[in-house]
Asker: 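Can you read through this structure? Questions will come right after.
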Amino acid sequence: MNWNQIEGNWEQFKGKAQVQWGKITGDDLDVIAGNRKQLSGKIQEAYGKTEEEAEREIDTWLGRH
């Protein structure tokens, strides 16, 4: 699956994203609206990750869905 599919079906995937990254609120996910850069930024902010770590986590998550 590629990110365009996630972005296009964000309503379906935001619940899965919240399960993966529980510190990110539903309101945050509504604002993110499938924007990968914003999701990466929220992961960095919530979990104290580097940009590279956040991107790796997103890639791993993307590979599972």
Asker: Answer yes or no: is there a side-chain heavy-atom contact under 4.5 Å between Ile24 and Gln18?
Answerer: no
Asker: Do Trp10 and Ile32 come within less than 4.5 Å of each other through their side chains, counting heavy atoms only?
Answerer: yes
Asker: With side chains defined as the heavy atoms from C-beta onward, is the minimum distance between Lys16 and Trp61 less than 4.5 Å?
Answerer: yes
Asker: Atom CG in Asn35, atom CD1 in Ile6: separation rounded to 0.5 Å?
Answerer: 13.5 Å
Asker: Looking only at heavy atoms, what is the nearest atom pair of Ile43 and Ala54, with distance?
Answerer: CG2-CB, 3.8 Å
Asker: When rounded to the nearest 0.5 angstrom, what distance separates CG in Asn9 from NZ in Lys14?
Answerer: 13.0 Å
Asker: Should Glu57 and Tyr47 be marked as a side chain to side chain contact (heavy atoms under 4.5 Å, CB included) after you check the CA-CA gap, both sets of side-chain angles, and the distance that decides it?
Answerer: CA-CA 11 Å; Glu57 282 190 17; Tyr47 293 94; 5.7 Å; no
Asker: What I'd like to find out is whether the side chain of Arg56 reaches to under 4.5 Å of the side chain of Glu51, using heavy atoms alone.
Answerer: no
Asker: For a quick test of reading the model, state the closest non-hydrogen atom pair linking Lys42 to Asp28 and the distance between them.
Answerer: NZ-OD1, 3.6 Å
Asker: Can you give me the closest heavy-atom contact between Gly34 and Glu7, atom names plus distance?
Answerer: O-CG, 3.6 Å
Asker: Would you find a donor on one side and an acceptor on the other, under 3.5 Å apart, between the side chain of Asn2 and the backbone of Gln5?
Answerer: yes
Asker: Under the side chain to side chain contact (heavy atoms under 4.5 Å, CB included) criterion, do His65 and Gln20 qualify, and how do the steps go?
Answerer: CA-CA 12 Å; His65 297 288; Gln20 176 71 31; 6.0 Å; no
Asker: Check the pair Arg36 / Leu62 against side chain to side chain contact (heavy atoms under 4.5 Å, CB included), numbers first and verdict last.
Answerer: CA-CA 11 Å; Arg36 184 178 173 129; Leu62 185 62; 4.1 Å; yes
Asker: Please confirm whether the backbone N or O of Glu52 pairs with a side-chain atom of Glu55, one donor and one acceptor, at under 3.5 Å?
Answerer: no
Asker: Do the non-hydrogen side-chain atoms of Trp3 and Leu39 ever get within less than 4.5 Å of each other?
Answerer: yes
